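Have a look at the structure below, then the notes.
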Amino acid sequence: MPEEAGFPPAKRFRPGCGPPRGRVLMLLTAGGGGGRRRPQPALAQPAAGVYPEAVERQRRSLPIFAARGQLLAQLRALDSAVLIGETGSGKTTQLPQYLYEGGFGRQGVIAVTQPRRVAAISLATRVSDEKRTELGKLVGYTVRFDDVSSEDTRIKFLTDGMLLREAISDSLLRQYSCVVLDEAHERTVHTDVLFGVVKTAQKRRKELEKPPLKVVVMSATMDVDLFSQYFDGAPVLYLEGRQHPIQVLYAKQPQQDYLHAALVSVFQIHQEAPPSQDILVFLTGQEEIEAMSKTCRDIAKHLPDGCPPVLVLPLYASLPYAQQLRVFQAAPKGCRKVILSTNIAETSITITGIKHVVDTGMVKAKTYNPDSGLEVLAVQRVSKAQAWQRTGRAGREGSGICYRLYTEDEFEKFEKMTVPEIQRCNLASVLLQLLAMKVPDVLTFDFMSKPSPDHVQAAVAQLDLLGALEQKDGQLTLTPVGRKMAAFPLDPKFAKTLLLSPKFHCTEEILTVVSLLSVDSVLYDPPSRRDEVQAVRRKFMSSEGDHITLLNIYRAFKNLGGSKDWCRENFVNSKNMALVAEVRAQLRDICLKMSMPMVSSRGDGESVRRCLAHSLFMSTAELQPDGTYVTTDSRQPVAIHPSSVLFHCRPACVVYTELLHTSRCYMRDVCVVDADWLHEAAPDYFRRKLRAARDGAHCP
DNA sequence: GAGCACTGC
């Protein structure tokens with residue numbers, strides 16, 4: 001039986017003595033009380049009721065209502081404001097309505113951005129309900145593949161990526177009077193770029209004597225000073241939330257094995273707490289979660305008499321949708337739900353009924369090394385902000401408890417904030433978009449958190465190799481090819497592949513390939529059924545590599561009607577496959593608008609591979625005499641990823657789509673190419689590389 | 001020789 005987990009006596013915490021809040025210029029408290037309803041951006045919920053009075057009463061009961069007048073007055077006087085509000089303050093649903101009611105919708109549309117699609121859609125639905133209007137009229141939303149807005153729309157919810165794309169065709173954001181950047185504390189790449197874009201638009205509109213652009217940054221409790229400083233000392237307003245109190249318990253001593261500690265904690269809670277209280281455990285990845293699920297189920301079989309049964313549910317993004325949905329269903333009466341999740345349950349998925357959160361303090365995260373072009377996926381400590389976010393998941397319906405499997409001293413040593421994504425990702429795509437917006441000097445663009453010069457330089461070099469850049473009057477600008485590349489919602493290298501495809505008579509095929517590569521994998525590989533998967537997949541496998549294999553799968557899917565049954569039988573994720581078809585249609589439209597000829601190679605894999613060789617020549621690896629591979633670009637030792645159809649093969653020369661460092665450095669999505677094609681594609685590049693390799697050999 | 005956190009256009 002599990003031994004004692006070792007938690008010290010409870011430490012009570014309420015909103016206020018929890019996460020650091022930064023400098024607060026004005027403190028506003030909730031007016032009234034009572035109402036328990038809180039908005040949940042991630043879940044579609046109907047508004048308070050069908051009766052207008054009920055809606056109005058509920059709106060007035062929210063903490064933000066007391067701040068309404070001051071907020072509007074401030075925004076009339078100033079161009080920017082920062083609004084800090086905890087969960088339940090009502091800021092996301094109410095502020096856009098206040099702005100509209102305050103007349104800000106007369107000069108233009110009020111935009112509200114969200115990092116996630118579901119949030120944009122469900123918020124628009126809620127607010128249009130509260131306004132008792134039809135969705136798409138006064139209140140609407142715009143996300144990729146789905147635009148429910150019209151000329152009448154005054155309040156528009158968008159994903160931050162969508163507003164960014166709109167900014168490419170109009171960097172002054174002329175149709176908008178206000179931009180509300182919500183969930184700013186998440187610091188997604190898109191939000192970070194938007195910070196700069198809206199700030200620039202504000203300045204330019206002022207210079208051109210156009211109507212002002214009002215900007216409101218909305219965030220949870222972090223980064224207050226940073227936001228305020230960036231927007232020229234914008235005032236910060238603080239709103240009280242309606243989060244329930246959460247007890248935070250720390251481990252007594254550092255834990256050597258967080259998995260063991262998690263297991264012990266889960267079963268200690270299970271034996272002590274009423275079975276109606278569900279448990280959410282934060283772990284790092286699929287493999288770990290599946291292994292832990294099995295262990296939990298095994299232990300649950302041998303619990304003492306009188307101990308309630310447990311329902312163990314894994315949760316991670318690549319889990320098939322139907323299995324993800326199981327976490328929302330209530331467990332049978334008398335049975336406890338134990339959800340083992342990645343950080344998907346931190347923000348993207350909100351589960352009701354969670355009373356206990358077990359936080360291992362670990363997360364798997366990607367970092368990017370500009371020197372080698374290598375992405376590193378590694379388990380690391382969470383930040384304090386992230387730990388508080390996890391803790392908050394225990395207090396959504398009532399008071400909760402968070403068990404931190406690390407000591408308070410350890411917690412104090414965690415980084416305050418997670419490093420913003422823009423400082424740990426490949427910037428090629430960001431740079432291409434900024435250049436497409438005609439940002440005068442991308443190298444000195446006013447980022448809130450500047451990426452390192454190495455990162456920027458690596459992106460410039462990458463775009464240059466793709467033929468997207470040129471120098472004009474000492475400034476970087478886009479070539480005609482670069483401008484075309486920016487029109488596609490794709491990684492720049494895939495956009496280039498698509499643009500090259502007519503030359504190889506395989507545009508239809510490349511459309512399919514880049515669509516497949518730009519969404520989550522369509523292949524479903526349950527580890528427990530590995531042999532079955534292997535047998536089924538054999539019929540699609542191509543000795544030419546993963547790209548041609550994927551093409552075969554897509555063809556079979558289309559030719560056989562694309563049914564869900566076919567997907568199930570062939571271990572294909574039908575949801576992702578449907579998305580591929582949507583992406584493909586969107587890309588095809590863009591190609592047609594550019595008058596690209598729609599040509600097909602009719603099953604000839606070689607022309608597809610030639611096309612890939614010509615666009616991805618900077619991502620190649622060569623077989624060494626000892627049977628290993630090194631990249632041509634930086635002589636980095638690499639291996640073919642075990643998921644590749646070429647895992648057991650050793651072609652002399654390959655191009656790859658992605659380099660990922662996990663337990664070692666892997667190439668993912670690998671395609672067999674002829675070395676001659678590569679030299680033909682970029683003779684200067686390979687001459688340079690050859691010389692570097694030779695010189696390197698002489699003086700190591 | 002043996003494996004993949006999470007979004008988004």
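Here is how names work: the chains are called A, B, and so on, in the same order as the sequence lines, proteins then strands, and each is numbered from 1. Note that the structure is predicted; figures quoted are calculated from it, not measured.
- By the side chain to side chain contact (heavy atoms under 4.5 Å, CB included) test, A:Gln624 pairs with A:Glu622, A:Asp626, A:Thr628, A:Val630, A:Arg635, sequence neighbours left out.
- Ranking B:dC9, B:dA2, B:dA5 by closeness to the A:Met162 side chain, first place goes to B:dC9.
- Nearest nucleotide to the A:Ala317 side chain, out of B:dC6, B:dA5, B:dG8: B:dC6.
- Not one side-chain nitrogen or oxygen of A:Tyr316 sits closer than 4.0 Å to the OP1 or OP2 atom of B:dA5.
- In the set B:dT7, B:dG1, B:dA5, the nucleotide with an atom closest to the side chain of A:Phe647 is B:dG1.
- Of the candidate nucleotides B:dG1, B:dC6, B:dG3, B:dG1 has the atom lying nearest to any side-chain atom of A:His648.
- The A:Gln286 side chain lies nearest to B:dA5 when the options are B:dG1, B:dG8, B:dA5.
- For the OP1/OP2 pair of B:dC6 and a distance below 4.0 Å, the side-chain nitrogens and oxygens of A:Thr342 include at least one atom meeting the criterion.
- Both tests do not hold together for A:Arg529 against A:Phe571: distance to the six-membered ring centre under 6.0 Å, angle to the ring axis within 45°.
- Across B:dT7, B:dC6, B:dG3, the shortest atom-to-atom separation from the side chain of A:Lys366 is found for B:dC6.
- Annotation: side chain of A:Met596 is in contact with side chain of A:Leu499 (closest heavy-atom distance under 4.5 Å).
- Phosphate contact (OP1/OP2 of B:dG1, side-chain N/O of A:Thr628, threshold under 4.0 Å): absent.
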Note to self: Set out, in order, the CA-CA distance, both residues' side-chain angles and the distance that settles salt bridge (charged side-chain N to carboxylate O under 4.0 Å, His left out) for A:Asp525 and A:Arg537, then state yes or no.
What the structure shows: CA-CA 10 Å; A:Asp525 292 295; A:Arg537 207 148 284 162; 2.6 Å; yes

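- Relative to the side chain of A:Pro642, the nucleotides B:dG3, B:dC6, B:dG8 differ in distance, and B:dG3 lies closest.
- At the phosphate of B:dG8, neither OP1 nor OP2 sits under 4.0 Å from any side-chain N or O atom of A:Thr159.
- No donor-acceptor contact under 3.5 Å links the side chain of A:Arg165 to the base of B:dG8.
- Here the nucleotide nearest the side chain of A:Arg144, chosen from B:dC9, B:dT7, B:dA5, is B:dC9.
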